[in-house]
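Counting starts at 1 for both ligands and their atoms, following the listed order.
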Amino acid sequence: MANQSPAVNPFETAQRQIDIVADLLHLNGGVREVLKVPKRELTVNFPVRMDDGSFRVYTGYRVQYNMARGPTKGGIRYHPQVTLDEVRALAAWMTWKCAVVNIPYGGAKGGVICDPKHMSIGELERLTRRYASEIAPIIGPEVDIPAPDVYTDAQTMAWIMDTFSMQKGYSVPGVVTGKPISIGGSEGRGEATGRGCSYVVREAAKELGLKLKGASVAIQGFGNAGSVASKILADEQGAKIVAVSDSKGGITNPDGLNPHAVDEHKRKTGSVVGFPGSKPITNDEILTMKCDVLIPAALENQLSAKNADKVQAKIVAEAANGPTLPEADTILFQKGITVLPDILANAGGVTVSYFEWAQDLQGFFWTLDEVNQRLERVMVGSYADMRKQAKAHSVHNRTGAYLLAIQRVVDAIRIRGIYP
Ligand code: GLU
């Protein structure tokens, strides 16, 4: 993403966010230290045979941040800029995310340094299967359950499920979520992140007295989360999508873009850029353009002290993980902008992942309506819980959500006690 600053270490951001809340909760040294470091980290270097017959060595990670509340949970990211500190931060955020929506999981994350856009499907399959074998000793339905993240999808999960199952000698659908329906995936998982995000935008708009019908929405990132959020906000809430972008650039149309047609264009051409009837706009311009709702749905470190004071949206809904730096949080709060923090706004994905895992363990599957109704209940309830905390402590929503999450994790740590 254009605005991403490599100088900002996401794990330092994650640790600063923990300190802010640990101070408010008066957490003592020992518990605070436990919250600030990952429990388990695995680095794997492994060879993959390329289509031309050569092989390359790739580096991957799996970080299990905290398992006080249950097995760890979190996606796997394929991206050239993956670092161990990024995976640590993402694993910490998964811990708080699962706690905010009160699902019985700790947090984890995985990543492989690779450029999936320049790999063939065969190369991606071999990379995925070998990475899955390398992390197999520490994953499993009762241990740590991966899922899709940036540039991984249901097919990636099918390869991981198959590789793990072949090694066990029997099928283990509960080892990953976000699988295809045909092998134990859940109805509604594919769109859950975007759908969950649309529910909390709706709740926030209601509280602000903002009518979503005709409201303008700008979306940075048109992947798993952003494209679905744009379609649901347009189709179900009547919102007008005024700008969207991807890693190649952005497009805008003040009269509104049809997100289904944009998706079709992206499928055909590989990017939203050049969509008929639109004007080009940069990723940076999207963040500060005039709109009612801004949805950062790409990568970390997008809103900083440099651009936060220029944000014009009334609601910022973080479909991405970690798009806002702590300095920007303060600025947005002072400007009266409602931020829906990542650990709530994109928690719909992991919530339906939990539903998928529960269905797999029972071998009993739910309808799409059942999934969406339960998802809505979780998102609406968690939004209210977060607002209660934020109001009670006169803090912004991120700190409100962290207060809720960290208190739940701390309760679990305390009641379990320290082994031995
Ligand atoms: N990668 C998604 C996230 O960041 C989903 C994780 C999951 O379903 O386990 O929340």
Side-chain angles (χ1 to χ4, degrees), residues 10 14 61-67 69-79 82 86-101 103-112 135 139-141 143-154 156-157 160-161 173-180 184-197 200 221 223-229 295-300 317-323 340-360 371 374-375 378-379 382 401 405:
Y61 308 102
R62 185 73 187 170
V63 173
Q64 297 170 348
Y65 196 83
N66 183 295
M67 49 186 74
R69 299 182 67 257
T72 52
K73 187 86 191 79
I76 291 170
R77 170 174 298 201
Y78 289 174
H79 197 276
V82 162
E86 182 195 37
V87 179
R88 286 176 173 141
L90 291 161
W93 292 329
M94 284 309 304
T95 307
W96 321 135
K97 191 184 301 182
C98 293
V100 164
V101 289
I103 57 178
Y105 287 139
K109 202 81 174 198
V112 178
I135 65 167
I139 64 170
V143 192
D144 178 16
I145 305 115
D149 196 74
V150 173
Y151 297 143
T152 57
D153 57 16
T156 322
M157 296 306 116
I160 297 177
M161 179 272 197
V175 66
V176 286
T177 59
K179 297 177 295 296
S186 177
E187 294 288 347
R189 175 62 186 87
E191 61 166 28
T193 309
R195 178 166 289 284
C197 183
V200 289
N224 291 341
S227 69
V228 175
I295 305 188
L299 295 172
E300 300 89 80
E318 298 179 342
N321 288 309
L340 297 170
D342 49 4
I343 61 170
L344 173 75
N346 70 35
V350 74
T351 300
V352 177
S353 275
Y354 164 56
F355 298 161
E356 177 175 334
W357 176 80
Q359 292 170 77
D360 288 338
V371 169
R374 284 177 196 258
L375 172 64
V378 169
M379 298 306 295
S382 305

Atom pairs and distances, ligand 1 N/O vs protein N/O under 3.5 Å:
unit_1	atom_1	unit_2	atom_2	d
ligand 1	1 (N)	P148	O	2.9
ligand 1	1 (N)	D149	OD1	2.8
ligand 1	4 (O)	K97	NZ	3.0
ligand 1	4 (O)	K109	NZ	3.0
ligand 1	4 (O)	D149	OD1	3.4
ligand 1	4 (O)	N321	ND2	3.0
ligand 1	8 (O)	R189	NH2	3.1
ligand 1	8 (O)	S353	OG	2.5
ligand 1	9 (O)	K73	NZ	2.8
ligand 1	10 (O)	K97	NZ	2.6

(message) Under a plain distance cut-off of 3.5 Å, with no hydrogens placed, do R189 and S353 share a side-chain donor-acceptor pair?
(response) yes
(message) Closer than 4.0 angstrom, basic N to acidic O: yes or no for R77 and E86?
(response)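 Result for this pair is yes, salt bridge flagged.
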(request) Could you tell me whether R62 and D144 have a side-chain N and a carboxylate O separated by less than 4.0 Å? (result) yes
(message) My understanding is that only residues two or more places apart in sequence, or in another chain, count here; which of them pass salt bridge (Lys or Arg N to Asp or Glu O under 4.0 Å) with R69?
(response) none
(request) For the residue pair H79 and Y151, categorise the inter-ring angle as parallel (less than 30°), tilted (30 to 60°) or perpendicular (more than 60°). (result) parallel
(request) Starting from the C-alpha separation in whole Å, work towards a yes-or-no answer on side chain to side chain contact (heavy atoms under 4.5 Å, CB included) for M67 and V143. (result) CA-CA 9 Å; M67 49 186 74; V143 192; 5.8 Å; no
